[in-house]
Number of protein chains: 2
Amino acid sequence: MSKIIVSANGTKKDAIIKKAAGLFRHKGFAGTSMRELAESIGVEAPSLYNHIGSKIELLQNICFKVANEFMLHLHQTEQESNSTIDKLKHIIQFHIQMMVNEYDEVFVANHEWKQLKDPYLTDFLLQRKAYEKKLIDIVNEGIENNAIKNIHPQIAVLTILSAVRGLEFWQGQKNQMEVMELENNMIDHLLNGLVK
Amino acid sequence: MSKIIVSANGTKKDAIIKKAAGLFRHKGFAGTSMRELAESIGVEAPSLYNHIGSKIELLQNICFKVANEFMLHLHQTEQESNSTIDKLKHIIQFHIQMMVNEYDEVFVANHEWKQLKDPYLTDFLLQRKAYEKKLIDIVNEGIENNAIKNIHPQIAVLTILSAVRGLEFWQGQKNQMEVMELENNMIDHLLNGLVK
DNA sequence: AATAAAAACTAATAAGCGTTAGTTTTGTGT
DNA sequence: ACACAAAACTAACGCTTATTAGTTTTTATT
């Protein structure tokens, strides 16, 4: 077998990307060298280039994989004909789940996308703006339906996204029990507030 | 006069740190070179070393200046004998103000502190933990006083801090009117929720 | 066992990094 | 105008970077 250990249904490139996500999270994209990445895999740096095109390509893969997953889920949520509040609950829950299940990738997409080069940088930002726009539409829908108070929709979305994207400190505790507690508390906090 | 333009009551080192904060925010600490920093100031890279010790020292200055400002404000807030809710309002407001007035510095402190080296890294993390601990105590006080619902205090603090720290997208709009709107909406959202 | 392909290696490239040494220019106080 | 200090410069150091070229080893297929 090869030195690069692949998981089921995964290519060697996937395995490299996975390791890269972990290192990029800990040390940043610019702060991680290909030699480090290679060593963490158990291989010499040039060997990586049998499987990948470049360092920046790794970052592109991570960022767009995450962006696509979020966008796909949002599309699905839009098409379910739940109440506005349930949609928001669903979205917040998904963000938390992603944060728990694909922590490295989501973190890197949230923090290192600035290191992307055009045209990928522009694409990424457009996708992000589109995502926020869709969320704002949902909040507006809730305001029209009298389900949500007359708050500034953009600020409400900003607050929610900031809150869920910033979840990075919730580390190590992957215990499913605690994740559910986190979900329930955050959803309640962001929807119903803190005041008794 | 010298090439490095100093603002009133500021040393040349302060001017360099200020420029560094801007670059570190845009390109990251590892992604910013001393030659870039020098060029943005209008000087050759080695000239910087007449005024500063090292690159990492710039990051240290930024991170601890921000950390100290937040900690100082929290101390003051603790000693004012307002209600728990007013304390929280006050703290959220201060975070937003800092985000608006010292955007570069706060952003860098929030995102690039990982690049610090020990003992500064450990010190910074301890200070952050202490800050969170104090906030948790305030929330607990509110729960005991029946002012805050029986939420998990750590998660509540996590949510609030995530929300205010993530405010990065609120860019360019330094219009004071809009800042007040942002403040009022976020405070209302984080304290009273979204649901009507 | 022979052959072809995949995946690893070593060696080396040019470029960029933070920083130091040594020197020259600029500004200040007498 | 002279002396001293501050602040800039050029040149260069040793090191690290991502990546390429060329070669050898390993694996899979017949």
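So you know, we letter chains A, B, ... as the sequences are listed, proteins then strands, and number each from 1. The analysis underlying the following values was restricted to heavy atoms, covering all of them including side chains, and did not include hydrogens, waters or symmetry mates.
Note on A/Lys12: a side-chain N or O is less than 4.0 Å away from OP1 or OP2 of C/dA7. One finds no side-chain N or O of A/Ser47 lying less than 4.0 angstrom from the OP1 or OP2 phosphate oxygen of C/dA7. For D/dA6, neither phosphate oxygen OP1 nor OP2 lies less than 4.0 angstrom from any side-chain nitrogen or oxygen of B/His51.
As rounded to whole Å, 14 Å separates atom P of D/dT17 from atom CG of A/Leu48. Here the C1' atom of nucleotide D/dA8 and the CG atom of B/Leu37 are 16 Å apart, to the nearest Å. Atom CE in A/Met34 sits about 12 Å away from atom P in D/dT17, given to the nearest Å. Atom CZ in B/Arg35 sits about 9 Å away from atom P in C/dG16, given to the nearest Å. Rounded to a whole Å, the CG atom of A/Asn50 is 13 Å from the C1' atom of D/dT19. D/dT17 atom C1' lies 11 Å from atom CD of A/Glu36, rounded to whole Å. Here the P atom of nucleotide C/dG16 and the NZ atom of A/Lys55 are 15 Å apart, to the nearest Å. Between the P atom of C/dA8 and the CD atom of A/Glu44 lies a distance of 11 Å, rounded to the nearest Å.
Partner of A/Glu105 under the salt bridge (Lys or Arg N to Asp or Glu O under 4.0 Å) criterion, out of A/Arg25, A/Lys19, A/Lys65, A/Lys18: A/Lys18 alone.
Cation-pi geometry between B/Lys55 and B/Phe29 is met: the NZ or CZ atom falls under 6.0 Å from the ring centre, inside 45° of the normal.
Under 4.0 Å is where a charged nitrogen must lie from a carboxylate oxygen, and between A/Glu39 and A/Arg35 no such pair does.
Using a 4.0 Å heavy-atom criterion, one finds that A/Ser33 contacts the sugar-phosphate atoms exclusively.
Ring pair B/Phe70/B/Phe94: centre-to-centre distance below 6.0 Å.
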